[in-house]
Amino acid sequence: MRRASSRKLPDTMNIVFAVIERRIREGVTAYLSGQVAELPPIAVEQPKESSFGEFALPVAFSLARQLRKAPRAIAAEIAAGLPPIAGVASIEIAGGGFLNLRLDRGAYAEGLLRGEDVPSVIVPGKVIVEHTNINPNKAAHIGHLRNAVLGDTFVRMLRACGRKVEVQNYIDNTGVQVADVVVGFHQLERKTPDDVRALIAAGRFDYYCWDLYAATSLYYKSHSEAKQLQRDALHDIESGAGVVAELGHLIADAIVECHLTTMLRLGITYDVLPRESEILHLQFWATAFELLKERGAIYLETEGKNAGCYVMAGSHFRENAGDEDSKVIVRSNGTVTYVGKDIAYQMWKFGILGKDFHYKPLRTYDDGHVAWVATSEPYDGVSPQFGHGTEVYNVIDSRQSYLQDVVVAGLRALGFPDQAEKSVHFGYEMVALTPRTCVELEIPVSEEDKQKPYVLVSGRLGLGVKADDLIDKLTEKARYEVDSRHAEKSAADRAAVARDIAVGALRYFLLKFTRNTVIAFDLQEALSFEGETGPYVQYAAVRARNIFRKFAERGLTLPDFATVLDAAAMGRQLADENCWQLLVAASKAFKAIESALASGEPAAVAKYAFTLAQSFNVFYHDYQVLTEADPEKRAFLLWMTDYFRKQLESTLGILGIPAPEYM
RNA sequence: GCGCCCGUAGCUCAGCUGGAUAGAGCAUCUGACUUCGAAUCAGAGGGUCGGCAGUUCGAAUCUGUCCGGGCGCACCA
């Protein structure tokens, strides 16, 4: 259910282009529905060449068969009969039968300047986006960053389009990965909880665990009997009592803090952290288990390799499934698998489990926003309501698509088809390393691997690129560049700018690839600040600001754009084709975000940001703003600069990339 | 064996529900800083869109098939 209301979009995101596009679609639909029997879908496209106008409709081609006429003739009839559309100046027929539409330039620019208060659509309900979800047993690496940056950017896109969003970061604090590090501390290093507390206080605890986890994995390899230690530890952690459980909590909680701090460096924050320990203690699984049995979603297997287990039949989540495809949900020893817990968790997200966590504040960010964490005991205070989402996006690596299918099948088998429909696995491919980057980082690679475009590395063995190391490296490189350009600025100032640039470079690098592209991470490429990179876009925003800074330094005052630049003046200035094309390109930010949201590709926003920056750089090169003698033209160029600046800054904001003061 | 994904310029990648002459960045070569102006801009070269067949006014895009590569298919997560 959608309701229309009049509201302004966040920031300066201008939606005039999208509004006119909609108006064209509706106008053509209304006209044609009175003309033809079967109305084809009306596509409004961008012409191949910008000189063709701003909109192209290939509708005549779709009608050719039905009307048994040449597309060009149909296009001519539509062009002649179509009633005027507000904002559209002309219609032309081109190519084999395209309808090309041109905007009324003066009116369009005036609309951009005044920020037309157009009716926008608010979608009720809450979108839940789950991302990050790093096992709390070691430092975050580059693969985790892809997850978090993708998720965080998607959240920003949703919010820019007026959606209410809740960001969840699920913490598997009772799983085998935590158990492994517990075994490392407890059995290999013989450390007490107090020893571990001291290590946590000493700092870089996530790095310590990174190495210890690798050492423990190696130990398992050479001591087959040690696997029993892992099973025992896992059991003790799940039961929640004793030294082992204490160690588990200490480790997981400390590592979560490390992860939150790492992510904050990239501007990534969370609303709530549900934890597996609470899912266990609050009996979420027990509730889901009863329901799954009751509704026949799972059954007790009596024969074959899965005898004694509760399984979900493969036919629920896979076509042409045989008995061997069924998925174990409860093991023969009575313990529940991860997927089982995930079904319970997914139900909770939709508010259909009938249970809830308790919460307490975990961290307060600088802007006052609080990240809450799930607890078993009631918190002494008021907490927000979490869960009860109407749509759920799980940002999880594509390799887990099979398990995500099982979770969704679980909802469907439980009789929640709507929620199953609204459960989206927001999958993405892994981050691998280029062979030369492996060599640079002293990661061993075989001769065979050296011939491949990328190499998969194992976090289990302690190989890979740690997130904080990478951010440090980028900051260092940026600092070097800033120092060489702005020696006059204070050191603290330069450090802040370097941090912004590092964030821009990293976030853009992770976002420029579409989700199902494997990223072959190359250190040299990631450290580049030229070409299609975050710093390129940041630099364009900085250049736009520089013009206003210089303007103020010369003691000049800005004209009131609204009075100086009426539709007629805009029309005169925009007769300049080059200028007009640049303005149109700049005004498509909202459309870019909208379509990126529809296709689920944050990369499309990154791409748009880059082309927007390119457009501004062309503008910057082609027009002298400050030295322009003609007052109207100067006002116009200043307004263009200001418009570009706002569009650049808000698009960077969607990407989570800061705009530095100078570069 | 079954399932999912990928194959586009020397390299790394875009290409929206089929649309007009297939685009970027990097690399290579040439040119542009007295200016709001070089983390930048202008230009050049570089393509049988893995192969074949089909669908139609039209295919990088949809279908089939083959070749090549990746990832899944645990009582791990």
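Throughout, protein chains are lettered first and strands after them, A, B, ... in sequence-line order, and every chain is numbered starting at 1.
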Which nucleotide, in any strand shown, forms a Watson-Crick or G-U wobble pair with [N], with both distances under 3.5 Å?
{"N": "B/A27", "value": "none"}
{"N": "B/A32", "value": "B/U40"}
{"N": "B/C71", "value": "B/G3"}
{"N": "B/C16", "value": "none"}

Given [N], is OP1 or OP2 found less than 4.0 Å from the side-chain N or O atoms of [X]?
{"X": "A/N516", "N": "B/C6", "result": "yes"}
{"X": "A/Y402", "N": "B/C2", "result": "no"}
{"X": "A/S62", "N": "B/C57", "result": "no"}
{"X": "A/R554", "N": "B/C36", "result": "yes"}
{"X": "A/Q524", "N": "B/U12", "result": "no"}
{"X": "A/R543", "N": "B/C36", "result": "no"}
{"X": "A/Y539", "N": "B/A39", "result": "yes"}
{"X": "A/N617", "N": "B/C41", "result": "yes"}

| Would you say the side chain of A/S332 and the base of B/C75 hold a donor-acceptor pair, judged only by whether the two atoms sit under 3.5 Å apart? | yes
| Side-chain donor or acceptor of A/N100 under 3.5 Å from a matching atom on the base of B/A20? |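 Indeed there is one.
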By the 4.0 Å heavy-atom rule, please label [X] as base, sugar-phosphate, or nothing.
{"X": "A/F529", "value": "base"}
{"X": "A/A432", "value": "nothing"}
{"X": "A/F548", "value": "nothing"}
{"X": "A/Y620", "value": "base"}
{"X": "A/D622", "value": "nothing"}
{"X": "A/F610", "value": "sugar-phosphate"}

| said: Quick test of your reading of the model: are A/K646 and A/D642 salt-bridged, counting only N-O distances below 4.0 Å? | reply: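 Judged by the 4.0 Å cut-off on N to carboxylate O distance, A/K646 and A/D642 do form a salt bridge.
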